[in-house]
Amino acid sequence: MFCKFRLAVIQLQVSSVKADNLSRARRLVKEAAGQGSKVVVLPECFNSPYGTNFFSRYAEKIPGESTQVLSEAAKENQVYLVGGSIPEEDGGKLFNTCTVFGPDGEVILKHRKIHLFDIDIPGKIRFQESETLSAGNSLSVFDTSFCKVGVGICYDMRFAELAQLYSRKGCQLLVYPGAFNMTTGPTHWELLQRARALDNQVYVATASPARDETASYVAWGHSTVYLADVRQQIPITSQRRNDLYAVTSAQEGSS
């Protein structure tokens, strides 16, 4: 079941001062709720600069300072809040983690980035998240009063199988806090969102940090919402040849 609601995607400026980032996020969540938004999405690494040299310096336990602010913002404004992502420290390991809070301020989901962003494009960009981060190992779906939502973080969006599994689990909205860069952003950011929406006939929303040309990692920005509302006209779900192919969750297979 899908009910009409307003979704807010917040593209905020991220500075090196964590307290300022948290204050800015809290203010913008309130502003979004004041405009009627019921689900609010923050960007990847909204509380710290994005970069392997920043993750350990800004990392927190969960619950911690940043998630406390998110919890309060969700409760004060009575919204479902997808808290972008923050660097999380747990057991001596670092994760890129998204927490989701309900309108009562309670945490309802924690998604650790599954696919780490390790790329090397000669002459343009080299970035290796795996040098500092560990990967998550679970799918992340939560229910709202409006629809079921699947969560990924940035590079997770490149993997079509994840979106297919979310769609098969009944998700009608996929959210990807992300921070594509100035090399991959212009060519892939919009294309990937449209592909995930079209292939699965779901809404896809992405939230990026605002572009800062002075940062060591310059985000492409362009937070976007795409939709593919043609389920009845083109019923691909019922037309799939499950007798010939299937996308299977390893978690389901081992249970």
Side-chain angles (χ1 to χ4, degrees), residues 1-12 25-44 46 67 70-85 98-111 138-153 156-157 160 162-178 190 192-208 222-240 247 249 252:
M1 184 176 180
F2 187 93
C3 299
K4 186 176 180 180
F5 67 96
R6 176 166 288 187
L7 168 74
V9 174
I10 295 178
Q11 180 168 297
L12 57 80
R26 190 169 194 160
R27 175 177 56 81
L28 291 172
V29 171
K30 182 177 181 179
E31 181 178 323
Q35 295 175 5
S37 299
K38 299 300 182 183
V39 180
V40 182
V41 186
L42 290 170
E44 181 180 24
F46 83 92
T67 52
L70 295 177
S71 173
E72 292 170 358
K75 186 175 182 178
E76 289 167 359
N77 298 288
Q78 297 185 331
V79 296
Y80 292 94
L81 179 55
V82 180
S85 78
C98 174
T99 48
V100 179
F101 296 85
D104 59 358
E106 294 298 315
V107 63
I108 55 179
L109 181 148
K110 183 169 79 169
H111 175 79
S138 63
L139 307 182
S140 300
V141 172
F142 69 96
D143 287 302
T144 72
S145 307
F146 317 105
C147 67
K148 183 174 286 188
V149 184
V151 180
I153 299 175
D156 287 342
M157 184 168 60
L162 180 63
Q164 290 173 31
L165 287 169
Y166 283 162
S167 176
R168 217 172 66 189
K169 289 177 177 290
C171 295
Q172 292 170 297
L173 169 64
L174 307 183
V175 294
Y176 296 96
E190 178 182 332
L192 285 166
Q193 294 170 67
R194 296 175 66 184
R196 298 296 83 84
L198 182 63
D199 284 350
N200 300 287
Q201 298 181 325
V202 295
Y203 291 89
V204 173
T206 59
S208 169
H222 293 277
S223 300
T224 312
V225 177
Y226 274 99
L227 63 98
D229 192 18
V230 291
R231 294 184 179 188
Q232 292 182 340
Q233 297 96 331
I234 308 175
I236 61 173
T237 299
S238 62
Q239 294 172 340
R240 284 197 174 100
V247 176
S249 167
E252 295 168 347

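Note: hydrogens, waters and symmetry copies are ignored here, and every other heavy atom, side chains too, is used. Start at 1 with the first residue, then count along the sequence.
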Gap between atom [atom2] of [Y] and atom [atom1] of [X] - 0.5 Å precision:
X      : Y      : atom1 : atom2 : result
Phe142 : Cys147 : CZ    : SG    : 7.5 Å
Ser71  : Leu81  : OG    : CG    : 9.5 Å
Glu72  : Phe101 : CD    : CZ    : 10.0 Å
Ser249 : Lys169 : OG    : NZ    : 5.5 Å
Leu174 : Tyr203 : CG    : OH    : 12.5 Å
Asp156 : Tyr166 : CG    : OH    : 7.0 Å

**OP:** Report the C-alpha separation of Glu190 and Tyr226 in whole Å, then their side-chain angles, then the decisive distance to 0.1 Å, and conclude whether the side chain to side chain donor-acceptor pair (under 3.5 Å) test is met.
**Re:** CA-CA 9 Å; Glu190 178 182 332; Tyr226 274 99; 2.9 Å; yes
Does some side-chain heavy atom of [Y] sit less than 4.5 Å from a side-chain heavy atom of [X]?
X      : Y      : result
Leu173 : Val202 : no
Val151 : Val141 : no
Lys148 : Asp143 : yes
Thr144 : Val149 : yes
Leu12  : Pro43  : yes

Subject >> All salt bridge (Lys or Arg N to Asp or Glu O under 4.0 Å) counterparts of Lys110, not counting sequence neighbours >> reply: Glu88
Original post:
Is there any side-chain hydrogen bond (donor to acceptor under 3.5 Å, both in side chains) pair reaching into residues 76-85, and which pairs are they, with sequence neighbours excluded?
Top reply: Arg26-Glu76, Tyr80-Ser145, Ser85-Asn96
Measure from the side-chain N and O atoms of [X] to the backbone N and O of [Y], and report whether any donor-acceptor pair falls under 3.5 Å.
X      : Y      : value
Ser37  : Val39  : no
Asp104 : Glu106 : yes
Arg6   : Gln35  : yes
Arg196 : Gln164 : no

Subject >> Met157 vs Leu162, side chain to side chain contact (heavy atoms under 4.5 Å, CB included): CA-CA, chis, key distance, verdict >> reply: CA-CA 8 Å; Met157 184 168 60; Leu162 180 63; over 6 Å; no
Subject >> CA sep, side-chain torsions, deciding dist, call: Leu70, Val107, side chain to side chain contact (heavy atoms under 4.5 Å, CB included) >> reply: CA-CA 9 Å; Leu70 295 177; Val107 63; over 6 Å; no
**OP:** Apply the test side chain to side chain contact (heavy atoms under 4.5 Å, CB included) to residues Glu44 and Ile153: give CA-CA distance (whole Å), side-chain angles for both, the deciding distance (0.1 Å), then the verdict.
**Re:** CA-CA 7 Å; Glu44 181 180 24; Ile153 299 175; 3.5 Å; yes
**OP:** Evaluate side chain to side chain contact (heavy atoms under 4.5 Å, CB included) for Ile10 paired with Val29, printing each intermediate quantity in order.
**Re:** CA-CA 8 Å; Ile10 295 178; Val29 171; 4.0 Å; yes
